[in-house]
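Step one of this worksheet: look at the structure below.
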Amino acid sequence: HRDLHLSLRRQRQMCIRDRSIHRQIQQLTKQSLVIPVNCLVIFAFFLGMGRAVIGQETLTGHFQQVEADIRITGSLSPRIPGGEVVSQKIDVTGKQRYDEWLNSTNTRSIRQYKAISSAIAIDEYRVRPKFRRQSTLIVTDLNDTRLLLYSPSGPMTSEELELINLQGNLLVLYQLLPDAELETGTTFDARYMTLAKLLGIDEVSGGKVTGSVSSLENSIAVLNWTGSITGAADGVATDIDLIIATQFNTATGRFSSVKIRIKENRKTGLARPGLDVVANINLKILDVPSTPTIGETLISRLDTPPVRGSDRIILRPIASGFTIYHQRNWTVFVDQPQMCVLRMIKHGELVGQCSISRLPNRDSNQPIDVEKFQSGIIGSLGDQFGQVLDRKQYKEGDLHVIRVAVVGQNGDVPVQWNYYHISNPAGQQAVAVFTFELTNEPLITKHDRSMVSTFAFKELPVETPTAQNQQNTTVRK
């Protein structure tokens, strides 16, 4: 019970007093993976675009082989724990190669990646992200409001998603085409919603991007888009200058080349770094009649609307000994051996926080006492405690779960804490705490129990970092 009490006190400090988080990880940030993960966010903006040659139409859609080359330079401005915003130089080169099938309406594609590589440098830090083999089969699904990228083989990690996220991909580029027949000299304006999907931002609120037909000869139209827009991404303002130069085959209805230059200046937010970057992208698409990696059986299975849960992410903390699935609106803020912290951000505002701590194993013949768990919660909250709203025990597969929901005050703000004690027959145990203002209760209670239901214990690393070497511990955000 001493370990549980210490964990609850630690959870309280993480959930209610962010300054304690800031003090604890201030020294970790400089050399931590806040750098590569932030970089992958930017790398994802531009990974699916560039030079192109006409693909092959079939009865079931369009087959093509894609090679992408990306170069990004500029600076990041992450907000480190403590609130300070720092500037870091960034230089990214990336290549990827994949087979792709697009349906006849350009609303869904299936990709089988053959190679994904990137070299990321931020200041003196160097990293080459890795991609699990089971995540190389990717489906993109496009509708009027969003572009969804997911792996039918199972949830990706956030790092994998950020590496191959296809902002600016060809599915959205086809939506930029005008409805009228192409003629030399024709001009047309890009819709705001299409531009937001193309650039991977929340919304476009101002500015203008205009397309034009520079020439049309032998069924090859030279189409260009240029302009500047203002908008928002993760709730913060962004300004983007955009140039797109393409060749489009009017006979086949396919792009034969695409070159894009994006210059973005984005303010720093709670979840993402500020950006001042320039990206130059080239994509090459090779004509193929079919591909052995994407057959008719696979197409018939995956050319359907995404199933529920397709947008989930799997969290695999560095040294915490567990995995858990979460929705994409949760962002990993801290990943340390003692605790993993996620935050939900909406429109740039903090909605709630989830803190998860792995506890030492206990005797499986001595299950946790519910009353002592509740009294430990009340004691850890101190004068912030108000009352217990609800307490229950239930089974989730082989997991035994205790849930205690309490309300109280953090200063003048009414706050709710949903505490979960999770254990299994082997005596492994963990505590998860969801902290949020009462006004956000509907948003959090849609997630907390479903997230806990996906919790799985993993073996802890043989060596646990000591206080002396924790400066090398990973801090993801």
Side-chain angles (χ1 to χ4, degrees), residues 33 35-53 55 64-76 88-100 109 111-123 125-131 135-136 138 140 147 149 156-174 176 195 197-201 224-226 233 238 240-247 255-266 272-286:
L33 281 185
I35 291 174
V37 170
N38 284 340
C39 186
L40 292 179
V41 173
I42 300 171
F43 185 49
F45 265 82
F46 314 109
L47 200 56
M49 309 163 64
R51 284 177 307 218
V53 179
Q64 56 196 26
Q65 292 179 335
V66 181
E67 294 182 1
D69 294 288
I70 307 97
R71 179 69 188 278
I72 306 166
T73 58
S75 63
L76 293 175
Q88 299 167 324
K89 293 182 179 179
I90 177 175
D91 193 325
V92 177
T93 57
K95 292 180 179 294
Q96 64 174 330
R97 182 165 52 88
Y98 54 86
D99 295 336
E100 184 173 35
S109 76
R111 295 184 173 191
Q112 179 62 65
Y113 283 84
K114 295 182 175 180
I116 303 172
S117 65
S118 63
I120 300 171
I122 297 188
D123 289 343
Y125 193 92
R126 302 289 186 274
V127 66
R128 290 183 176 273
K130 302 296 182 183
F131 203 88
S135 298
T136 56
I138 300 296
T140 56
L147 177 72
L149 170 80
M156 292 181 283
T157 66
S158 59
E159 291 86 354
E160 291 169 336
L161 176 62
E162 289 167 347
L163 183 61
I164 65 166
N165 199 1
L166 302 178
Q167 290 93 335
N169 71 77
L170 286 171
L171 286 184
V172 184
L173 195 59
Y174 281 111
L176 286 181
L195 289 171
K197 288 184 288 186
L198 184 77
L199 298 167
I201 61 178
N224 301 310
W225 286 265
T226 183
T238 186
I240 297 175
D241 297 330
L242 179 64
I243 300 174
I244 307 174
T246 74
Q247 290 187 354
F255 287 100
S256 57
S257 71
V258 179
K259 294 183 179 180
I260 299 184
R261 182 183 186 274
I262 301 174
K263 184 179 188 304
E264 179 170 10
N265 191 322
R266 182 189 302 187
R272 302 295 189 188
L275 309 176
D276 187 1
V277 296
V278 175
N280 290 285
I281 306 104
N282 291 313
L283 181 83
K284 182 178 181 180
I285 302 175
L286 302 177

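Positions are given from 1, in the same order as the sequence printed here.
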Heavy-atom closest pair, residues [X] and [Y]:
| X | Y | value |
| --- | --- | --- |
| T136 | Q112 | OG1-NE2, 3.0 Å |
| L163 | S118 | CD1-OG, 3.7 Å |
| E160 | K130 | CG-O, 4.5 Å |
| T238 | I240 | OG1-CG1, 4.0 Å |
| S75 | V277 | O-CG1, 3.8 Å |

Query raised in the report: Is the shortest distance from a Lys or Arg side-chain nitrogen in D69 or K95 to a carboxylate oxygen in the other one below 4.0 Å?
Result: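 Looking at D69 and K95, the cut-off is met.
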Does a side-chain heavy-atom distance below 4.5 Å link [X] with [Y]?
| X | Y | result |
| --- | --- | --- |
| I72 | V278 | no |
| I70 | V92 | no |
| R71 | D91 | yes |
| W225 | T246 | yes |
| R111 | V66 | no |
| M156 | I138 | yes |
| L242 | L195 | yes |
| I201 | R266 | yes |

Requested in this report: Could you walk me through whether I281 and R261 pass the side-chain contact (heavy atoms from CB on, under 4.5 Å) test, one step at a time?
Outcome: CA-CA 7 Å; I281 306 104; R261 182 183 186 274; over 6 Å; no
For the [atom1] atom of [X] and the [atom2] atom of [Y], what is their distance to the nearest 0.5 Å?
| X | Y | atom1 | atom2 | value |
| --- | --- | --- | --- | --- |
| E100 | Q64 | CD | CD | 5.0 Å |
| N169 | K197 | CG | NZ | 10.5 Å |
| T140 | N165 | OG1 | CG | 10.5 Å |
| K89 | T73 | NZ | OG1 | 11.5 Å |

Query raised in the report: What do the steps show when you test L275 against L76 for side-chain contact (heavy atoms from CB on, under 4.5 Å), and what is the final call?
Result: CA-CA 5 Å; L275 309 176; L76 293 175; 3.4 Å; yes
Report task. Could you pull out all residues at least two apart from Y174 that satisfy ring-ring contact (aromatic ring centres under 6.0 Å, His included)? Result ->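 So Y174 forms a ring-ring contact (aromatic ring centres under 6.0 Å, His included) with F255.
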